[in-house]
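One structure, pasted below without further comment.
What you are looking at is a predicted structure, and each value in this text was computed from that prediction instead of being measured. Because only heavy atoms are used, hydrogens play no part in the values below, and waters and symmetry mates are left out as well, while side chains stay in.
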Amino acid sequence: MMLKAKDIMTTDVVTIRGSATVAEAVKKINEHAVRALIVERRHEQDAYGIVTETDIIYKVTAFGKDPKKMRVYEIMTKPCIVVNPDLGVEYVARLFAQTHIHLAPVIQDTLLGVISIGDILRKGDFVEKPKSILLEERIEQAIQEARATCAEKGATSKECAAAWDIVEELQAEAAHQKAERIEKTAFEVYCDENPDAFEARVYDN
């Protein structure tokens, strides 16, 4: 079972108003020992924001500005990148890598929690269950199932085509993870053995 964001997120979220001073934000960050605060929405249709310790250091301290006079809304990021609670942990990690962020609120209609690189490191199962290995196992199993389905239903059947669709989706995901190009898919290998199988790709959805 793939771990999801909701399985490892921190539900004790520290929030702050956009109108609060940066000094108040610093106090909250220190009191709660967190690296970022989620900026509250002004109304239900509003977006969430985020203010991080980096924002404070880079935008306030570095320029000698007075944190008691500056407001959170002046240095926050809004709207901020958010995570769906059902998003797989490895996809959260990939999102963080691509966007160069370290923490994001977990939102589904309302604020449910926050997830950080620390949560992934401490609570993730990537050490015990590397997803690349699990994915390769799923691909092998899907190939066996596809071959069995095609043997039973026929190489040009809709069932055979659908079974190979699953295999190709899994292979595409594995290639994306590795940033590699697929030289020949499992279906193309199968078609070398069963040339008529290419007809199976033409069917009504």
key: Atom pair CE (M76) and CD1 (I56), whose distance is rounded to the nearest 0.5 Å   =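 The distance works out to 13.0 Å.
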request  = With side chain to side chain contact (heavy atoms under 4.5 Å, CB included) as the test, would you mind laying out the steps for E40 and L111 before giving the verdict?
outcome  = CA-CA 9 Å; E40 299 164 4; L111 180 62; over 6 Å; no
request  = Identify the heavy atoms of F96 and H102 that sit nearest to each other, and give their distance.
outcome  =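 Result for this residue pair: CE2-O, 3.6 Å.
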Nearest heavy atoms of F63 and K59, plus distance in Å =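 Nearest pair, atom of F63 first, then K59: CD1-O, 3.9 Å.
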ask   = If you measure from CD on E159 to OG1 on T149, what distance do you get to the nearest 0.5 Å?
value =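 If we round to the nearest 0.5 Å, E159:CD and T149:OG1 are 8.0 Å apart.
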key: Nearest heavy atoms of V34 and I29, plus distance in Å   =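 It is O-CG2, 3.0 Å.
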V14 with V72, same ILVMFWY side-chain cluster at under 4.5 Å =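 Yes: a chain of side-chain contacts under 4.5 Å links V14 to V72.
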query = Atom CG in L87, atom CD in Q108: separation rounded to 0.5 Å?
reply =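 It comes to 11.5 Å.
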message = Nearest 0.5 angstrom please: L103 CG to T52 OG1, how far?
response =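 With rounding to 0.5 Å, CG (L103) is 9.0 Å from OG1 (T52).
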ask   = Minimum heavy-atom separation for L3 to I8, with atom names?
value =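 The pair with the smallest heavy-atom distance is CD1-CG2, 4.2 Å.
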ask   = Going through the checks in order, is the side chain to side chain contact (heavy atoms under 4.5 Å, CB included) test met by T21 and R71?
value = CA-CA 4 Å; T21 66; R71 303 287 174 174; 3.4 Å; yes
message = Using the rule that Ile, Leu, Val, Met, Phe, Trp and Tyr join whenever any side-chain heavy atoms are under 4.5 Å apart, tell me whether V60 and V39 fall into a single cluster.
response =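 Per the 4.5 Å side-chain linkage, V60 and V39 are co-clustered.
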key: Donor-acceptor pair between D55 and T77 side chains, under 3.5 angstrom   =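 D55 vs T77: no donor-acceptor pair found between side chains.
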key: Spatial distance of atom CD1 (I16) from atom CG (L37) [nearest 0.5 Å]   =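 Spacing of CD1 (I16) from CG (L37) equals 5.5 Å.
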query = What's the spacing between Y48 OH and I107 CD1 if we round to 0.5 Å?
reply =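 Y48 atom OH to I107 atom CD1 measures 5.5 Å (nearest 0.5 Å).
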ask   = If two hydrophobic side chains count as joined below 4.5 Å and joins carry through other members, does V82 share a cluster with I101?
value =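 They do not share one cluster, since no chain of ILVMFWY contacts under 4.5 Å joins V82 to I101.
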ask   = Just wondering, are more than 12 heavy atoms of other shown residues or ligands nearer than 6.0 Å to NZ in K28?
value =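 More than 12 heavy atoms, drawn from other residues, nucleotides or ligands, come within 6.0 Å of this atom.
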query = Quick one: salt bridge (charged side-chain N to carboxylate O under 4.0 Å, His left out) partners of E53, sequence neighbours excluded?
reply =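 Once residues adjacent in sequence are excluded, the partners of E53 under the salt bridge (charged side-chain N to carboxylate O under 4.0 Å, His left out) criterion are R35.
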inquiry  = Under a 3.5 Å threshold, yes or no: a donor from one side chain and an acceptor from the other, between Q141 and E145?
reply    =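 Side-chain D/A pair, Q141 to E145: present.
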ask   = Please walk me through it: do E169 and W164 pass side chain to side chain contact (heavy atoms under 4.5 Å, CB included)?
value = CA-CA 9 Å; E169 287 173 8; W164 284 113; over 6 Å; no
query = Within a radius of less than 6.0 Å around CD of E44, do more than 12 heavy atoms belonging to other residues, nucleotides or ligands occur?
reply =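 Incorrect, the count does not exceed 12.
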task = Any salt bridge (charged side-chain N to carboxylate O under 4.0 Å, His left out) involving residues 5-20? Give me the pairs, sequence neighbours left out, ordered by first then second residue.
result =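 Listed once each, the pairs are K6-D86.
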task = Over all heavy atoms of both residues, which pair between M9 and K123 is shortest? Give the atoms and the distance, please.
result =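 So the minimum-distance heavy-atom pair works out to O-NZ, 3.8 Å.
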query = If Ile, Leu, Val, Met, Phe, Trp and Tyr residues are connected whenever their side-chain heavy atoms lie under 4.5 Å apart, and connections chain through other members, are Y91 and L95 in the same group?
reply =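 Result: yes, single cluster for both.
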message = Assigning hydrophobic clusters by single linkage (Ile, Leu, Val, Met, Phe, Trp, Tyr; side-chain heavy-atom cutoff under 4.5 Å), is V114 placed with V92?
response =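 No, it is not one cluster - the side chains of V114 and V92 are not joined through contacts under 4.5 Å.
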inquiry  = Please find the pair of heavy atoms, one from V167 and one from A146, that lie closest to each other, and give the distance.
reply    =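 Closest heavy-atom pair between V167 and A146: CG2-CB, 4.1 Å.
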